[in-house]
Amino acid sequence: MSEEGSLGVANSPRFVSNLTKNTLALVLAGGRGSRLGPLTNWRAKPAVPFGGKFRIIDFCLSNCLNSGIRRIGVLTQYKSHSLIRHIQLGWGFLRGEFSEFTEILPAQQRMNTGWYKGTADAIFQNIDILRAHRPRYVIILAGDHIYKMDYGQMLAEHVQSQADMSVACIEVPLEEAKSFGVMAVNSEDRVIAFTEKPQDPVPIPGNPDRALASMGVYVFNTDFLYEQLIRDSDSHDSTHDFGNDLIPYMVSRYRVIAHRFRNSCISSSEGGNSRCYWRDVGTVDAYWAANIDLVHVTPDLDLYDNRWPIWTYQEQLPPAKFVFDDEGRRGMALDSIVSGGCIISGATVRRSLLFSNVRINDGHTLIEDSVILPNVRMGEGARLRKVVVDKGTIIPHGLVVGEDPVEDARRFYRTPNGVTLITPELLGQQLHFVR
C-alpha cells in the first residue's frame with residue numbers, strides 16, 4: 001500500500017507530519033555572495049545579518065522547524081566561521097534522543113581532494129552521511145533567501161503527483177528571470193524545459209511579461225537522488241550543479257514537477273496584505289531595500305506572526321534606551337526598528353533599522369534611511385543617509401555620508417542605486433588582522 005493510502009486522507013496533518021518526519025533537509029550555505037561586495041569579505045552570504053536580530057540562514061532553518069522537519073544538515077564552505085558559530089549558538093536545541101539534529105557539513109574532501117565543485121557535488125560529497133540517516137525524502141534548500149514557506153505542503157504535493165523530483169517556483173518579471181533558473185511547464189505543471197540564467201527567458205504562456213523561476217528548493221525521492229548524484233559525478237562534462245546539469249538532464253527523462261510557491265507560502269492577511277514574500281538579497285541594493293521595507297507600517301514580510309516565528313540565537317541584552325529630552329538634543333527614533341542593547345543619546349533616527357548594541361552619540365547626529373549592523377559606534381555630529389554600516393564599525397565624529405555622491409564613491413562602496421556601504425576596513429579600522 002502506498003504511503004498516501006496507508007495514512008488516510010492526503011494532505012491531512014498526520015499525512016504531512018509523517019512525510020516531514022521521514023525527510024532530511026540539506027541547506028546549501030557555502031556561497032560567497034560576491035555581489036554583496038565588502039559585506040561578504042569576512043563571512044558567507046547566509047551569515048549576513050538581516051532584520052535587526054537574525055541572520056539570512058535563519059529563515060530557511062525556521063521554515064524547516066515550523067514545517068516539522070527536524071533533521072537538518074548545513075553544508076558550509078566559504079569563510080564559514082561566523083556561520084558555524086551562529087548555528088552552534090542558536091540551533092543546538094534539537095534533541096538527538098528523538099533523532100533531531102542540525103549538523104554542520106563543511107567541505108571535508110570525503111570523496112576527493114577538492115572543494116565542493118557545485119551544488120550537486122556538495123551533496124554527493126556527503127552521500128555516505130545521507131545514507132546513514134536513511135531518509136525517505138530529501139529537501140535541498142538555498143541558505144541565502146528570505147521567505148516563509150511550509151515545506152510540508154510541498155512534500156505532500158510531491159508525493160501526490162508521484163514525482164521523482166519537485167522544484168519550487170515563483171513568477172518573476174521577464175527581465176529579472178535572467179538571474180534565475182527558468183522553467184517551462186505543461187498543463188499539469190510537469191517541467192518540460194529548464195535553463196539556468198538564460199539570456200532570453202521563456203515567458204509564461206498567456207503572460208508574456210513574466211517567467212517561472214526556480215527558488216532553489218528541491219524535493220527528491222532519496223534513492224532517485226543517489227542515482228542522479230552518482231551518474232552526474234561520473235560525467236566528465238558536467239559542472240556538477242543542479243541548475244546547470246542535473247535538472248536539464250532529468251526533465252526529459254523523469255517526472256519533474258513544478259511546485260507553485262503560492263500553494264505553500266506563509267503570508268499575513270493583516271492590513272489586507274496577503275502576498276507571498278520571497279527575496280534574494282544578493283546585492284547591496286536589494287539587501288538595503290529588504291531591510292528598510294521592515295520599518296514600514298505594513299511591511300511585505302511579517303516578522304510579528306506568532307504562527308510562523310523566525311528562530312535565531314538570542315543574545316542576553318538590555319532593552320533599547322533613548323536619552324535626553326532637551327530642545328535640540330532629543331534621543332528619538334521615528335518609523336524605525338531599534339534592537340536590544342541600543343542607546344540613542346540626543347540623536348535622531350528616521351526610517352532606519354538598528355541591529356543590537358548600536359550606540360549613537362549626541363551632537364546633532366542624524367541617521368536616515370539606513371541599516372546599521374551590530375556593535376556600531378556612531379560619533380558625535382555624524383550625518384548618514386541611505387547607508388549600510390557593517391558590524392563593528394566606528395563612525396568618526398562629524399562624518400557626512402549620503403549628501404555628496406562623488407565623495408561617497410571615492411571613500412566607500414557606493415551602489416548604482418545610491419546606497420553607500422561603510423565597513424571598518426574602508427575607514428582604516430582592522431577588525432580582522434594577522435599582525
Side-chain angles (χ1 to χ4, degrees), residues 11 35 59-60 63 139-142 144-151 153-158 160-219 241-283 285-287 289-290 293 296 298-302 416-417:
N11 256 353
R35 293 181 301 152
F59 287 82
C60 72
N63 288 337
I139 184 167
I140 297 171
L141 309 168
D144 54 1
H145 298 145
I146 306 295
Y147 66 110
K148 297 196 291 184
M149 177 179 179
D150 186 350
Y151 300 137
Q153 292 301 312
M154 182 175 178
L155 282 160
E157 280 194 18
H158 173 82
Q160 291 161 16
S161 63
Q162 298 181 322
D164 297 304
M165 176 195 183
S166 295
V167 184
C169 58
I170 55 172
E171 295 183 10
V172 299
L174 202 62
E175 186 62 30
E176 295 179 14
K178 296 178 181 180
S179 301
F180 295 88
V182 175
M183 65 192 80
V185 299
N186 64 15
S187 59
E188 297 177 342
D189 273 345
R190 180 168 178 172
V191 181
I192 56 176
F194 187 97
T195 307
E196 185 73 5
K197 298 181 180 179
Q199 287 301 307
D200 189 19
V202 177
I204 299 171
N207 194 349
D209 297 326
R210 300 183 74 80
L212 206 56
S214 168
M215 297 170 58
V217 177
Y218 315 129
V219 172
D241 183 83
F242 283 107
N244 283 322
D245 306 292
L246 268 77
I247 301 176
Y249 175 88
M250 290 186 292
V251 294
S252 63
R253 296 171 174 86
Y254 301 99
R255 188 168 174 80
V256 180
I257 298 296
H259 170 80
R260 305 290 182 133
F261 182 44
R262 63 172 178 260
N263 295 336
S264 56
C265 72
I266 304 299
S267 60
S268 171
S269 58
E270 187 175 334
N273 177 15
S274 59
R275 293 187 299 169
C276 293
Y277 183 98
W278 184 92
R279 295 289 187 276
D280 178 1
V281 289
T283 66
D285 283 327
Y287 176 79
D293 178 66
H296 294 161
T298 308
D300 290 338
L301 176 65
D302 184 4
N417 289 341

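The chain is numbered in sequence order, starting from 1.
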What closest approach, in Å, do [X] and [Y] show between heavy atoms, and which atom pair accounts for it?
X	Y	answer
Val219	Leu155	CG1-CD2, 3.7 Å
His158	Ser161	O-OG, 3.2 Å
Val182	Ala177	CG2-O, 3.4 Å
Ala258	Met183	CB-SD, 3.9 Å

State the [atom1]-[atom2] distance between [X] and [Y], to the nearest 0.5 angstrom.
X	Y	atom1	atom2	value
Tyr277	Asp293	OH	CG	5.5 Å
Leu141	Cys60	CG	SG	5.5 Å
Ile170	Trp278	CD1	CH2	4.5 Å
Met149	Ser264	CE	OG	3.5 Å
Gln160	Ile257	CD	CD1	12.0 Å
Lys197	Asn244	NZ	CG	8.0 Å

Between [Y] and [X], is there a side-chain heavy-atom distance shorter than 4.5 Å?
X	Y	answer
Arg35	Asp280	yes
Tyr147	Asn63	yes
Phe194	Val256	no
Arg275	Asp300	yes
Ile247	Glu196	no
Glu157	Ser166	no
Lys148	Asp302	yes
Arg260	Cys169	yes

Would you call the rings of Tyr249 and Tyr254 parallel, tilted or perpendicular, where under 30° means parallel and over 60° means perpendicular?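 The rings of Tyr249 and Tyr254 sit tilted, inter-plane angle from 30° to 60°.
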Do Asp245 side-chain atoms and Asp241 backbone N/O form a donor-acceptor pair below 3.5 Å? yes
Tell me if a side-chain donor or acceptor on Asp164 pairs with a main-chain N or O of Arg255 at a distance below 3.5 Å. yes
For a quick test of your reading: what N or O donor-acceptor pairs under 3.5 Å do the side chains of residues 199-215 make, sequence neighbours left out?
{"from": "Arg210", "atom 1": "NH2", "to": "Glu171", "atom 2": "O", "distance (Å)": "2.9"}
{"from": "Ser214", "atom 1": "OG", "to": "Gly216", "atom 2": "N", "distance (Å)": "3.1"}

Where do Phe59 and Leu301 land on the side chain to side chain contact (heavy atoms under 4.5 Å, CB included) test, with the steps shown first? CA-CA 11 Å; Phe59 287 82; Leu301 176 65; 4.0 Å; yes
